[in-house]
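See below for the structure under consideration.
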Amino acid sequence: MLVSDNLIELFHIGHQYQRPHWALSDVSLRVKKGDFVFLTGPSGSGKTTLLKIIFREIIPSEGQIVIEGVNILRIPDHGIYKLRRMMGIVFQDFRLLFHRPVFENVALPLQVLGVPPKEIRRRVFNALRMVNLQHKLGDPPAHLSYGEQQRVAIARAVVNAPKILLADEPTGNLDTELAFEIISLFREINKQGTTVLIGTHDKELIRHFGSKILFLQAGKLLGKDALPSPES
Amino acid sequence: MLVSDNLIELFHIGHQYQRPHWALSDVSLRVKKGDFVFLTGPSGSGKTTLLKIIFREIIPSEGQIVIEGVNILRIPDHGIYKLRRMMGIVFQDFRLLFHRPVFENVALPLQVLGVPPKEIRRRVFNALRMVNLQHKLGDPPAHLSYGEQQRVAIARAVVNAPKILLADEPTGNLDTELAFEIISLFREINKQGTTVLIGTHDKELIRHFGSKILFLQAGKLLGKDALPSPES
Amino acid sequence: MRNLFSVTIICLSFLILGIFWSLSNNLQQVAARLGENLVVTLFLNKDLPEKDALEIRDKAGRSPVIESLRMVTADEAKERFQASFPELRDVLANLKANPFPASIEAVLRPDRAGPDAVAAFLQSMTATAGVEDVQYNRDWIERVRSLGRLTRAIGLFLGGILVLASFFIISNVIKLNVLSRKNEIEILRLVGGTNTFIRIPFLIEGTILGILGGLVSLVFLAVLIQAFPLYLGSSLGALQELLSFRALSISQGLALVAGGAVIGWLGSLTSVSKFLKA
Amino acid sequence: MRNLFSVTIICLSFLILGIFWSLSNNLQQVAARLGENLVVTLFLNKDLPEKDALEIRDKAGRSPVIESLRMVTADEAKERFQASFPELRDVLANLKANPFPASIEAVLRPDRAGPDAVAAFLQSMTATAGVEDVQYNRDWIERVRSLGRLTRAIGLFLGGILVLASFFIISNVIKLNVLSRKNEIEILRLVGGTNTFIRIPFLIEGTILGILGGLVSLVFLAVLIQAFPLYLGSSLGALQELLSFRALSISQGLALVAGGAVIGWLGSLTSVSKFLKA
Ligand SMILES: Nc1ncnc2c1ncn2[C@@H]1O[C@H](COP(=O)(O)OP(=O)(O)OP(=O)(O)O)[C@@H](O)[C@H]1O
Ligand SMILES: Nc1ncnc2c1ncn2[C@@H]1O[C@H](COP(=O)(O)OP(=O)(O)OP(=O)(O)O)[C@@H](O)[C@H]1O
Ligand SMILES: [Mg+2]
Ligand SMILES: [Mg+2]
């Protein structure tokens, strides 16, 4: 079965925020179910843009993108929630509810699914323990340090054991030990079946954990050899 | 002359955002004119808090802090601008005018000083070239990638050749090459007389550039040996 | 803080609206009462036999514009005159005969007393034998018409301005409310909330704010209506009736509250929907 | 967008304020005019010699409450009566002698015609030989007083509510404006801007918004004042005078605009200052 093998497929994706500059151009790639992929490249090369296209925050100017056999550009606005529910996302700018307790923030993806409160509590505690934040559970992110906020965002992304985990620079505000812990956590989740795609510029992390690596340079995908070429 | 030697002096600084937790406790340190100091420590150890106290965004719960012989806790609200004008600050959350052009953002510290427009243009171009962003001059930060925004914040901090440069995690969103370039830039500015204090968790940077290192752990200062002890 | 602001604005808008509504209620009633006073007086020939007078009355009564008819005898007319002008009692006492003619007072139906119908009636009565003169206070008719126009004018101008203003203010306040929670809406969408899931709390909030605003304004309005006449004193006569507040009816009060609910609901709906795009 | 909102709100507030101000202007003028009509009529004994009548007039003229005096001869009185009641002409023609007494009409000075002074005047005139009767329409006085009270009541109740509402709305809009630029204020402080440097643009903006709102509302008000009588038609009589709009005087217009400027300035000042603390 071809569909079940390729979880995410991008076909000739190009994106222009503003003429004449192409933030991404002709990016084609496949991510298989169970992959653990690093997306790297210098500042401004298009990592965030590519991830935003995958969770359909941005509609690309060109190309098609298929996730689980569904062309996500064809999903109407009111149906996007189905796509989002199979993803956990760590945003580069966190996107937390700044003045609500950490607990509520992490519980959000479960609440929209209607998970019963007891189960929510169990899973949220679990996720917070994994990122070492169980003691900050009642504080709002506004009262946390940057690294702590980043870990809340990570906990929220993994709390629902999503099919796909997208993480944009998830360790930018963490010290090396913590960063390694977090990526190890992602690795574990990956072993339980989640496909993981991490945007990062941290070479050390990639060197240590890197299996498949996508390298972006000024909006173009290099190092395709790390992945089976979509044309092959 | 004792005063001219110690640019920044902290005496038994302690800070409590909320009872009962102390974000900082009994921190005493001296930074000499011309020093190049790294402030490090794990996530949540108090780096940002300490820097915020130095530029008086936060009034510490305990202790005194003297900069250039002036007890900055005694400065009234309407006089703080004098302190801020001798500092360049890179904030961990950038604090840019999100919808104004990069140029305006970087020009701000010069505009409040009433520098003539021609001179402003010259210095802003210069600063932007140093962080590799001269081509984004007309775009607002809202249209930039994270690393680019961070570099705008850096350009704004150095544009005025300040006496003191405080940088909180200035390379968190930058790839290693760029991070090294930026710290080299800080080094150069330091050689021209600016005292530099960088909060970071990047061990590699510290290993490479580190001269004096302050290590924070749960709000307490370790590794004081790297600096002359204030008591000595 | 901002919720307090919303309620206050909604309340003020409705209060102003309610004041005008109440005044307009009142003007309409006064206009209606004046309309009831459209009277045509048919002066009869002196010494007309009662039989003929009754015939004239019956003829007048067949006209569709007539609401009621009343015979006024010469003696009655004299008494009325004496009551109205006591200083002239001597003059009348000096007269041998009663100088006043008998008359028939015809009250017109305001709903049917259009200019053409009234003109036809007046003409036919003037032509009737036994009718000496027909008096009809056209000024009064004009005044009533104008009062009707005035009521509508106030209703349209001020009421219109205020309804628009209220809607504008309220929907903007709700928009600001939603804008301040734009972040929250975006985040909910990003973690997989359906549009309905996201909308509901905003709709509830907007509706509650609207209802609260409407209720509070009703309370203020009631206080105002009670307090106004007290302050004015009771000696204004006709003017007081014209300008005093009349309480809104229960259905008008309910309409005000329901209007608040609808505005709050609509305002929230349109405001939230803007952010449910991506 | 938000600036448009601010101007619209300021403008609407001032428009409503202006409408009431203009109406209140008008009511005050009507009240003043009614005040001028305070008339005491002194009926003289029949066949009183003219010399005595003039004496009575002079005596009345010495009272401080009198503004002017006018002699009405018996013939004049008869003519007036005939003009008012043409149907009774026959009656009068039948009379041998003129039944009407001569009289003196005394117009009172509204500013001095307090209840006590008027009562004293009436008493002294009643006691005067040659004066048969003194008539004074107390109802009218009461009505004028009440109208004065009404004017003030409308001014206080509605005007007060609206001034408060305007100020509340405007200062909140400005607060929201400033809040949306809180970030900017903080950043300016962090790069070393002095408080004055930071305040000035906000103060200028607030003041301009206020002035604009005031000006636009004046324009609308002028249009309204022009359009209102046209719409009403011209047959309202006294009622129209009572309710028509009268243009604001130049100084009142200036006051409205200046009020806008002050509100804008104050609103900005207080709102910005909140963020200049740390
Ligand atoms: N909203 C936007 N409008 C216009 N241009 C944008 C916008 N967002 C990003 N860009 C531009 O698109 C390019 C790619 O940006 P992107 O954020 O994807 O880079 P990135 O690889 O994530 O960089 P970083 O490591 O600095 O986060 C950059 O040149 C950036 O300036
Ligand atoms: N506004 C606040 N209110 C309450 N607690 C706060 C606030 N800001 C920070 N804290 C707490 O103070 C401690 C120190 O925070 P600080 O931001 O100084 O850490 P940091 O060393 O900068 O961490 P990071 O590397 O994650 O940025 C943390 O435990 C944090 O939760
Ligand atoms: Mg990025
Ligand atoms: Mg920090």
Side-chain angles (χ1 to χ4, degrees), chain B residues 51-60 72-73 75-100 104-115 120 124 127 140-142 152-153 155-160 162-166 168, chain D residues 1-10 170-210 212-213 262-278:
Chain B
L51 290 170
K52 280 184 174 171
I53 287 172
I54 292 176
F55 65 82
R56 232 211 82 162
E57 180 169 327
I58 290 178
I59 308 262
I72 65 161
L73 301 182
I75 304 176
D77 280 344
H78 59 83
I80 300 173
Y81 72 95
K82 286 178 207 148
L83 176 71
R84 302 267 167 84
R85 282 179 181 187
M86 62 190 219
M87 295 180 167
I89 315 173
V90 182
F91 301 95
Q92 200 166 4
D93 50 353
F94 312 157
R95 304 219 193 158
L96 299 171
L97 295 175
F98 223 57
H99 300 286
R100 306 282 182 81
E104 259 187 54
N105 271 281
V106 178
L108 231 44
L110 301 172
Q111 268 164 357
V112 300
L113 288 173
V115 174
I120 289 184
V124 171
V152 175
R156 186 181 63 188
V158 302
V159 73
N160 195 27
K163 264 191 196 160
I164 300 173
L165 178 67
L166 302 177
D168 196 1
Chain D
M1 198 292 285
R2 193 171 280 147
N3 280 350
L4 183 70
F5 182 48
S6 314
V7 172
T8 315
I9 297 266
I10 293 177
I170 292 167
S171 75
N172 265 288
V173 167
I174 291 173
K175 214 171 284 172
L176 290 177
N177 256 350
V178 171
L179 202 69
S180 76
R181 291 168 66 185
K182 180 182 171 233
N183 200 23
E184 190 178 332
I185 297 175
E186 275 178 14
I187 291 170
L188 278 172
R189 272 184 72 79
L190 286 171
V191 299
T194 61
N195 286 356
T196 316
F197 181 92
I198 296 169
R199 265 193 209 113
I200 284 173
F202 285 97
L203 292 185
I204 291 176
E205 187 191 309
T207 310
I208 288 177
L209 287 183
L212 266 184
V262 169
I263 287 177
W265 191 79
L266 270 184
S268 302
L269 187 67
T270 54
S271 307
V272 176
S273 295
K274 262 191 203 158
F275 297 111
L276 296 179
K277 290 288 164 56

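Hydrogens, waters and symmetry mates are skipped; everything else that's a heavy atom, side chains included, is used. Just so you know, these numbers come straight off a predicted model, no measurement behind them. Note on naming: letters A, B, ... go to the chains in the order of the sequence lines (proteins, then strands), and numbering restarts at 1 for each one.
In this structure, the portions of B:Leu97 lying under 4.5 Å from any heavy atom of chain D include both its backbone and its side chain. Only the backbone of B:Leu96 comes within less than 4.5 Å of a heavy atom in chain D; its side chain stays farther off.
Taking CZ of B:Arg56 as the start and CZ of D:Arg189 as the end, the distance is 8.0 Å to the nearest 0.5 Å. In this structure, OH on B:Tyr81 lies 8.0 Å from OG1 on D:Thr196, to the nearest 0.5 angstrom.
Under the 3.5 Å distance criterion, the side-chain polar atoms of B:Arg95 are left unmatched by any main-chain donor or acceptor of D:Ile187.
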Exercise. Check the pair D:Leu190, B:Phe91 against side-chain contact (heavy atoms from CB on, under 4.5 Å), reporting the backbone distance first and the verdict last.
Key: CA-CA 10 Å; D:Leu190 286 171; B:Phe91 301 95; 3.5 Å; yes
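Side-chain atoms of D:Thr194 and B:Val112, non-hydrogen and from C-beta on, never get closer than 4.5 Å to each other.
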